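The structure under discussion appears below in the form of structure tokens.
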Amino acid sequence: MTLNEIAKRMCAKGKGILAADESTGTIAKRFKSINVENLEKNRLNFRQTLFNSSAMKDYIGGVILFDETIKQKTTLGPTVPELISKHGAIPGIKVDKGAKPLAGSIDETITEGLDGLRERLKEYFDLGARFTKWRAVYKINDNFPSIQSIKSNAHALARYASLVQEANMVPIVEPEVLMNGSHGIEKCYQVTTDVLNECYNELEIHKVDLQGTVLKPNMIIPGSECKDKSSSVEIAKKTLDCLKKNVPSGVPGIAFLSGGQSEIESSKNLNEINKINDSNFLITFSYGRGLQASALKEFGKKQDNIENIQKAFNHRAKMNGLSSKGEWSEDLEKISAA
Ligand code: 13P
């Protein structure tokens, strides 16, 4: 398969990406919220339960894994990447080493992980990965994001993407403008515009073939502390407008992060975007919390109740699959959950 074909399969209509690549530190927070001990066997148990669910075949085009997970053997027999492939989804891997303090800027970050990346990519390819993820993080307040943060993170994303294509995998380019803060929707629109422009500027300089990439952006939404709430219709209009103006048309797929929106909000907003999507982009989800929150709650109640955990996950995957076609509704949400 060419990189373009892989990218299109990851974002195929009706399907999206499961972001199950929480680092050991991040999954610790998720497990703490449900009173589950953060042990390797518990992490594997939760994840293999999701990866072996019936929703995988119909609604999941790709799964993003963490370094530990891609090397694990499931208790069902196959390795984790084999289990994912068996269900028809493509295994992927988060390759960045996290957002670290950015020297010269107070309270901003630069995503690290370029040293030794070429060698790690070869190892991940051999383990079955066919796409990768690298997440840059931008904060909004009166002073941020700084030009320094916008430029340095775009440069790192482009160097990453170029190495990934050299290794014959599809890079997910994830510049996440955080929703934390009291800023309004217009500010999110402006900052996302600046961030996307700089990213595509650097991707071009680094000779990245955009046809073999997937963009993972934030939606255009007001800050979580903003008093002026926006409707899904407004969020959808502004998000699509921002993407059409700032993402080159060669990019085949755009898969949003949920970024702290609730499960229902993230499904509803994605649905509204697809209802009005008149672009050539395949627009879908690449959710972590937006796909896993309910399943995680079930796992917290009883870790070996596979049926209930999978039921919760199957439902969310199905709802988001519908949203990727603009066919989700609140009624279907209730009927399917019953
Ligand atoms: P959320 O959907 O929980 O924001 O996670 C997506 C992700 O992979 C962030 O990098």
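We count ligands from 1, going down the list as the structure has it; atoms in each ligand are counted the same way. Values below: every heavy atom of this structure, side chains too, minus hydrogens, waters and symmetry copies. Remember, it's a predicted structure, so these values are computed and weren't measured experimentally.
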Using a 4.0 angstrom limit on heavy atoms, which residues are close to ligand 1?
Ala19, Asp21, Lys133, Arg135, Glu174, Lys216, Leu257, Ser258, Gly259, Ser286, Tyr287, Gly288, Arg289

Full working for side chain to side chain donor-acceptor pair (under 3.5 Å) between Asn218 and Thr192
CA-CA 8 Å; Asn218 50 282; Thr192 305; 3.2 Å; yes

Does Gln165 have any side chain to side chain donor-acceptor pair (under 3.5 Å) partners at least two apart in sequence or in another chain, and if so, which?
none

Set of salt bridge (charged side-chain N to carboxylate O under 4.0 Å, His left out) partners for Glu82, sequence neighbours left out
none

Between Asn269 and Ser232, does any side-chain donor sit less than 3.5 Å from a side-chain acceptor?
yes

Under the salt bridge (charged side-chain N to carboxylate O under 4.0 Å, His left out) rule, collect the residues that match up with Lys245, sequence neighbours excluded.
Asp241

Expected output: side-chain Tyr189 to main-chain Lys238 donor-acceptor under 3.5 Å
no

